[in-house]
Amino acid sequence: MALLRPPPWARDNTMRCRRPGPGTSMSRYNFKESEAKWQAAWERGGCFTARDSEPAAQPGAPPKPKYYVLEMFPYPSGRIHMGHVRNYTIGDVIARYKRARGFSVLHPMGWDAFGLPAENAAMERGEPPAEWTHKNIAAMRAQLKMMGLSIDWEREIATCDPSYYKHQQHLFLEFLEHDLIYRRESWVNWDPVDQTVLANEQVVEGKGWRSGAPIERRKLSQWFFKITEFSEDLLQALGRLDRWPEKVRLMQQNWIGRSEGARVYFKIAGRETPLEIFTTRPDTLFGASFCALSPHHPLAAELAASDPDLADFVAECDRLGTSEEAIETAEKKGYDTGLKVLHPFVEGQELPLYVANFVLMDYGTGAIFGCPAHDQRDLDFARKYTLGVLPVVLPPDADAQDFAVGDTAYVGDGRIYNSDFMNGMSVPDAKKAVIARLEAQEMGTGTVQYRLRDWGLSRQRYWGCPIPIVHCPACGPVPVPADRLPVLLPDDVTFDKPGNPLHHHPSWKNTNCPSCGATAERDTDTMDTFVDSSWYFARFCCPQVEDKPLDRDMVDRWMPVDQYVGGIEHAILHLLYSRFFTRGLKRFGYTSIEEPFAGLFTQGMVCHETYRSEAGGWLTPDEIDKRPDGSAVHRDSGNPVTVGRSEKMSKSKSNVVDPEHIIETYGADTARWFMLSDSPPERDMEWTAGGIEGAWRFTQRLWRLIGEAAPNLPPAGAPMPAKMGDAATALRRAAHKTIDGVTRDIEAFRFNRAVAQVYEFTNAVTAFQARGSEDYWALREAFEVLARLTAPMMPHLGEEMWRSLGYADLLVTLPWPEADPALVIDESVTVAVQVNGKLRATIDLPRDTEEAAARERALADPAVQRLVEGKALRKVIVVKNRIVNVVV
RNA sequence: GCGGGCGUGGCGGAACCGGUAGACGCAACGGACUUAAAAUCCGUUUCCCGCAAGGGAGUGGGGGUUCGAGUCCCUCCGCCCGCACCA
C-alpha cells in the first residue's frame, strides 16, 4: 500500500463512486462539499461568537456560566504543522463540548507574530518581515479554517500589529512606573565576525551559527522585569493551581528554586574586603577545602587585570556562551588565584581561592566554598586539583574511624562530626547552629535564596515590539509619554549588514527628549517575544478596545482561562512569565485575578517514522513505498530504504506530513478523528498512513450505516414505545453506557478512550438486527447518540448525520445528551475467581452480591473445587463485584 | 551536568482506588462477495508446550511489600522535554 498516496477518489474532485450498496443506493460521503457547507452554516449562524454578556436562558434563570478555552497561539511560520492540528483539535473538542454543556464559550485565535524567523527570511530572501509575516498569517488562517475549528475569528489578533503592540508599550510604561522594570548590565553572546548578538539557539558548540567564529560574551545595558519580586508568591500560588499537571508545577517549583542557606564572609589574607559566598550547606563549613569565584565575579575581573593567565582563563570560560546548559556540561576547570581565604572558625586554616568555570555569577553571590566530601561537583574539582576531602557528615550506619569518601560525595543525612561546636548534631540542627554562630560573630547571615532570576527583556533585534524609551544625554533614559504611543517600527529597514537594523536605520532613532527637548536617541532594542505572549490571553477578552490595553470588566468576565492547551516545552518560561505579568496587570487595576490559567493541559508531540536512502540522505514519507513486512523502498528507484525509529516531525529529518494535504485527501473530520484516536493526548503520538486510513474508513462506515438505516427509522422525535424487548434494551444500555463513558472521557481528556468507546458502540450498532418497531426506535436513539457524541470530534460529519436523521437545526446549537442512570449500570457482573492469586474461573453474579454468597459460589465452582480439594482453606478474600481469591 | 517525564503484543494503546493484562484501532493471516482488483463483510491473532482439554510464562532489567503488583517502594537501563536570547 502506498503511503500517503491520495486514494483514487481524491485524485479528481468528482464523486464517481456510485456503486449501490446492498439494497440501497449509496454514494460516498463527500467531505469536501459537506465540510464547506457546514462551515458556512456555522458562520452564518454566528455559532462561535463569544458573547460579552449572556442573557438568561429563561427569565429569572441565571445566565450561562462562562468558559474560556485557549490553545497556545501559533507562530506564523507559513504553514500549519501536525503539532498545530493536534493542539487545536484538542482545544476545539473542549470548546464544542463545553458549549453543548451550556457554557458561554470564548475560543479565540491569534498570532505570535514577532520573532527571529522573520528576520532570517529577510536576510535569506530579502523579504521584508512584515510582508513575510502577513503572508504567512493569511496562509495559516486559511488552513486553520479548513479544520472546522469553533473559533471566534472576530477576536483575531497579531502581536506585530501596532494596534496590539502600542498597548504593550503602554504596559511597559506601567511596569516601569510601578518599579517592576529596571535597567542594568548583563551578558549576551557576541559574534565577533558578524558583529551581532546571538540567541543561545544560534550558538552551536561555542561558535556562531553563521560565521562559525568562536563566540564571546559582552556586557550590555538592558531592561529587566523584576519577576523576582514575586518569587515567593509565584511559588506559593502553585499549590492552588490544582488543574495543572503535577509535573509542570514541580518544574516551576524547581525553577523558582527556593533554598534556605547562608551568606558567609571569608577574610582574604592580605586584603581589606572579605569574600561573600552563598551556600545551602553551611553545616559542612568545617569540611571546606577551597573557595571559588565565578569568572565574572568583580574580584576575578580585578585579579585578571594584572594576571594575563587568569585573563586567558576567563576568556576561555566566555567562549562557553551564556547558556547554563553549556556551562554545566563543560569539564569543570579552575584557576588558582594564589590568594588564600581564612576559615571563619578554624584559626590558621587557609583555603585556596580559585576562579572556576562552573560557578554562576547569577546565582547567590557568584562565589562558593567547596566541601568535596558532600558535593559531587566540589569532589570532582578537589580530585582534579588534589585538594583535601574531609567528611563532616557521618552516614547513619558508618563508623567515624574508617568512613571515607572515594569518588562519590555523600549527600545524604547523618550526624555532624569533625566540626567543633556542631559535633553530634543532625544536619538541620547544625544549619541552625552554624547560622546562629555566624550571625553572632558578624561573619555571615541566614538567607533565603531563589534560583529564579529577573527577566531580561531587551533584544538587539528589529522584528519585535519597540521599547518606548528615549535616551537623553542629560536626563538619561526617559519613557515616551503614553499619548505619543505607539513607537512604530519603521518599514524601511535593510538587512544587508549584520547587527540590529533599527540601530542602523538612518533616522529612526533620532528624536528629542520628552523631558528636556534636547536631541536624543530612541532605545533601539525591542522586547523579548515572551512579553507579547504574556498578556495576549487577556487581550482576547477585549481585542477591539482602543484607548487602553484592557477593559477590566471584560477581562474579569472571561479570565482566567478555564482551559489552556499547549506543548510541554512551554512548561516553565511562557507560563511563569504570564503568571508574573498577570500579577502586574492586577496591580495596575486591569483585572482582579492573578493566575491567568486555571486549567492547563500539555499535549505531546506528533512523531513519524524516519527514512534514509542507501546514500544516507533523509527521505520524506511520500518518497517511499511501504511493504507488508514493514520494510520500505524508494518509490521511484525501488532501492531499499532504512526505516528509522519514530521521531518528532521535523524538516531536518524529512519526516513531516503536511496537514493541508491530509485534509484535502481525507477531510478535516478524518484528520481530527485520527489525531484524537491514536494516543493519550499528553503523550507523544505517532502519525501513520495506516492510522489515518483507518480513521477514513470509519467516517465512511458511519456515513454508510446511517444512510442505510435512516429510511427505516421512525420519524424524528417519535415517542418511545411503551414496551422494549431484550434486544432493544441491550442496545439502549450500550448507548447510554457510551454516553456516560464518552462524557467522562472528554471531561478527563481521555480522547483516545472516547474514540475507542465510539468504535465499540458502532460495532454493537452494526451487529444489531432490528425486528420489531421498538428495535427501530432503539436504533434511531443509537444513531442520534453516535451523531451527538462524535460531533465535538468530527463536527461536520456530526451535522451531516443529524440532518440524515431528519433534523433541521444545527447540532452545534444543541445540548449534550444525558445518560439514563438506570441503563448505565449492569444487573449482573462477572467476578474473577483466583486460587492462590492465579485466575482459575469466572462466575456471573448479581450486582452487589454479599460476601458470603460470593464466597460460596466461588468455592462451588468445579475448577476451584479441583484445586482446593483435600487442602485446608487458609483465607478467602472477597472484593465485591470484582474478585474472590481463595488461599490454600 | 541539573530539573521533569515516559517505558505494556508485530505497531499505537486499554486496564477506575492494588483486584480477570492486552478493550479499541492498525498491521498480518484465513474465508465470503467479485471475471478481477479495490471497497465491504465474517473469522483468527501476546508468547511457549499440547491434536485437544489444559498448562506455563509475560507489562524495559533486577530486587522488595502484599492473599493479589502494569499500578506501590528500592535500584539499574533506555528514550524524550526544559535549562532563562527559538517559539
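Predicted model, so just to flag it, every value in this text is computed and none were measured. Lettering follows sequence order; numbering is per chain, from 1.
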Fill in: Base-pairing assignment for B/C2 (Watson-Crick or G-U wobble, both under 3.5 Å)
B/G82
Discussion item. Please classify the nucleic acid contact of A/Pro680 as base, sugar-phosphate, or nothing, using heavy-atom distances under 4.0 Å.
Written reply: sugar-phosphate
Worksheet item: Using atom P of each nucleotide, how far apart are B/C42 and B/A57 to the nearest Å?
Response: 36 Å
Worksheet item: How many Å lie between NZ on A/Lys838 and C1' on B/A69, as a whole number?
Response: 14 Å
Worksheet item: Any salt bridge between A/Lys384 and A/Asp380, counting N to O under 4.0 Å?
Response: no
Worksheet entry | B/C17: syn or anti, per glycosidic angle within 90° of 0 | syn
Worksheet item: For B/A28, what is the paired nucleotide under Watson-Crick or G-U wobble rules, both distances under 3.5 Å?
Response: B/U44
Discussion item. Please classify the nucleic acid contact of A/Val248 as base, sugar-phosphate, or nothing, using heavy-atom distances under 4.0 Å.
Written reply: nothing
Discussion item. Rounding to an integer number of Å, can you tell me how far A/Leu839 CG sits from B/U20 P?
Written reply: 9 Å
Item to complete: Provide the distance between the two C1' atoms, one in B/U45 and one in B/A23, to the nearest whole Å.
Response: 15 Å
Worksheet item: Base, sugar-phosphate, or nothing for A/Asn885, non-hydrogen atoms under 4.0 angstrom?
Response: base
Worksheet item: Just checking A/Ser533: base, sugar-phosphate only, or nothing, at a heavy-atom cut-off of under 4.0 Å?
Response: nothing
Worksheet entry | Separation of the C1' atoms in B/G7 and B/G60, to the nearest angstrom | 6 Å
Worksheet item: Paired with B/A39: which nucleotide, if any, by Watson-Crick or G-U wobble criteria at under 3.5 Å for both distances?
Response: none
Discussion item. Whether the side chain of A/Arg459 engages the backbone of A/Thr526 through a donor-acceptor N/O pair (distance < 3.5 Å, no angle test) should be reported.
Written reply: no
Discussion item. Without decimals, in angstroms, what is the distance between A/Glu569 CD and B/G5 C1'?
Written reply: 14 Å
Worksheet item: If you check every side-chain atom of A/Val188, which of B/C24, B/C85, B/C41 has the closest atom?
Response: B/C85
Worksheet item: Which is true for A/His574 with a 4.0 Å heavy-atom rule: it touches a base, it touches only sugar-phosphate, or it touches nothing?
Response: nothing
Fill in: Per A/Arg451 side chain, nearest of listed nucleotides B/A87, B/A84, B/A39
B/A84
Worksheet item: Which part of the nucleic acid, if any, lies within contact of A/Leu452, taking any heavy atom under 4.0 Å across all strands shown: a base, the sugar-phosphate backbone alone, or nothing?
Response: base
Worksheet item: Between the main-chain N or O of A/Ala409 and the side-chain N or O of A/Gln376, is there a donor-acceptor pair closer than 3.5 Å?
Response: yes
Worksheet entry | B/U20 and B/G68, which share atom name C1', separated by this distance in whole Å | 12 Å
Item to complete: Quickly work out the A/Asn254 CG to B/G1 P distance and round it to whole Å.
Response: 18 Å
Worksheet item: Has the side chain of A/Arg461 got a donor or acceptor that lies under 3.5 Å from a partner of the other kind on the base of B/C85?
Response: yes
Practice prompt. Between A/Thr329 and A/Phe114, name the one whose nearest nucleotide on RNA chain B is closer to the 5' end.
Written response: A/Thr329
Practice prompt. Could you tell me which nucleotide pairs with B/G7 by Watson-Crick or G-U wobble geometry, both distances under 3.5 Å, or answer none if nothing does?
Written response: B/C77
Discussion item. Suppose you measure atom P in B/G62 against the same atom in B/C17; what distance do you get, rounded to whole Å?
Written reply: 28 Å
Worksheet item: Which residue, A/Glu185, A/Gln460, A/Arg184, forms the side chain to side chain donor-acceptor pair (under 3.5 Å) with A/Gln222?
Response: A/Gln460
Worksheet item: When A/Val829 is tested against each of A/Arg882, A/Arg847, A/Lys880 for side chain to side chain contact (heavy atoms under 4.5 Å, CB included), which residue passes?
Response: A/Arg847
Worksheet item: When we call it a touch if two heavy atoms are under 4.0 Å apart, what does A/Gln460 touch: a base, just sugar-phosphate, or nothing?
Response: base
Worksheet item: Counting any heavy atom closer than 4.0 Å, what does A/Val887 reach on the DNA or RNA strands: base, sugar-phosphate only, or nothing?
Response: sugar-phosphate
Item to complete: Name the nucleic acid region contacted by A/Arg874, choosing base, sugar-phosphate or nothing; use a 4.0 angstrom heavy-atom cut-off, strictly under.
Response: nothing
Worksheet item: Do A/Glu324 and B/C83 have a side chain to base donor-acceptor pair shorter than 3.5 Å?
Response: no
Item to complete: Report, as yes or no, whether the 6.0 Å neighbourhood of atom CZ on A/Arg258 holds more than 12 heavy atoms from other residues, nucleotides or ligands.
Response: yes
Response to the item:
Between CZ of A/Arg855 and P of B/C67 the distance, given in whole Å, is 17 Å
Worksheet item: With a 4.0 Å cut-off on heavy atoms, is A/Ile877 in touch with a base, just the backbone sugar-phosphate, or nothing at all?
Response: base
Practice prompt. Taking only the side-chain heavy atoms of A/Ile568 (C-beta and beyond), determine which of B/U20, B/U40, B/C81 contains the nearest atom.
Written response: B/C81
Discussion item. Taking only the P atom of each, what is the distance from B/A14 to B/G82 in whole angstrom?
Written reply: 24 Å
Worksheet item: How is A/Thr842 classified with respect to the nucleic acid when contacts are heavy atoms under 4.0 Å: base, sugar-phosphate, or nothing?
Response: base
Response to the item:
Quick note, A/Asn200 side chain, CB onward, closest among B/U40, B/G19, B/C86 is B/C86
Item to complete: Determine the interatomic distance between C1' on B/U8 and the same-named atom on B/G58; round to the nearest Å.
Response: 10 Å
Worksheet entry | Proximity to the side chain of A/Tyr759 - top-ranked nucleotide from B/G25, B/C85, B/A87 | B/G25
Item to complete: For A/Phe530, answer base if it contacts any base atom (sugar-phosphate contacts may also be present), sugar-phosphate if it contacts only those atoms, and nothing otherwise; contact means non-hydrogen atoms under 4.0 Å.
Response: base
Worksheet item: When you measure from the centre of the six-membered ring of A/Trp187, is the NZ or CZ of A/Arg218 under 6.0 Å away and within 45° of the axis?
Response: no
Discussion item. Suppose we define a pair by two distances each less than 3.5 Å, Watson-Crick or G-U wobble; what does B/G19 pair with here?
Written reply: B/C67
Worksheet entry | Spacing of the P atoms in B/G30 and B/C24 (rounded, Å) | 23 Å
Fill in: B/G58 pairs with, by Watson-Crick or G-U criteria that keep both distances under 3.5 Å
none
Item to complete: Quickly work out the A/Lys648 NZ to B/C81 C1' distance and round it to whole Å.
Response: 9 Å
Discussion item. As a test of reading the structure: which of B/C85, B/C67, B/C80 is closest to the side chain of A/Arg459, going by heavy atoms?
Written reply: B/C85
Worksheet entry | Toward the 5' end of RNA chain B, by each residue's nearest nucleotide, A/Leu867 or A/Asp528 | A/Leu867
Item to complete: May I ask you to say what A/Gln222 touches in the nucleic acid, namely base, sugar-phosphate or nothing, with a heavy-atom cut-off under 4.0 Å?
Response: base
Worksheet entry | Candidates B/G19, B/C24, B/A87 - which lies nearest the side chain of A/Glu760 | B/C24
Worksheet item: Should we say atom CZ of A/Arg210 is surrounded by more than 12 heavy atoms from elsewhere, each under 6.0 Å from it?
Response: yes
Practice prompt. Grab the CE-C1' distance between A/Met605 and B/G12 for me, whole Å please.
Written response: 16 Å
Discussion item. At 4.0 Å (heavy atoms only), tell me whether A/Thr766 reaches a base, stays on the sugar-phosphate, or touches nothing.
Written reply: nothing
Response to the item:
Regarding the side chain of A/Glu686, the nearest nucleotide among B/A14, B/G4, B/C11 is B/C11
Worksheet item: Base of B/G7 relative to its sugar, syn (within 90° of 0) or anti?
Response: anti
Practice prompt. From the options B/U20, B/A84, B/G5, select the nucleotide whose nearest atom is closest to the side chain of A/Lys247.
Written response: B/G5
Discussion item. Side chains of A/Trp455 and A/Asp528 only: does a donor on one sit below 3.5 Å from an acceptor on the other?
Written reply: yes
Practice prompt. Kindly say whether A/Lys333 contributes a backbone atom to a donor-acceptor pair with the side chain of A/Asn357 at under 3.5 angstrom?
Written response: yes
Practice prompt. State which of B/C24, B/A87, B/C85 makes the closest approach to the side chain of A/Asn763.
Written response: B/C24
Response to the item:
note: A/Gln834, atom CD; B/G68, atom P; distance rounded to Å ~ 10 Å
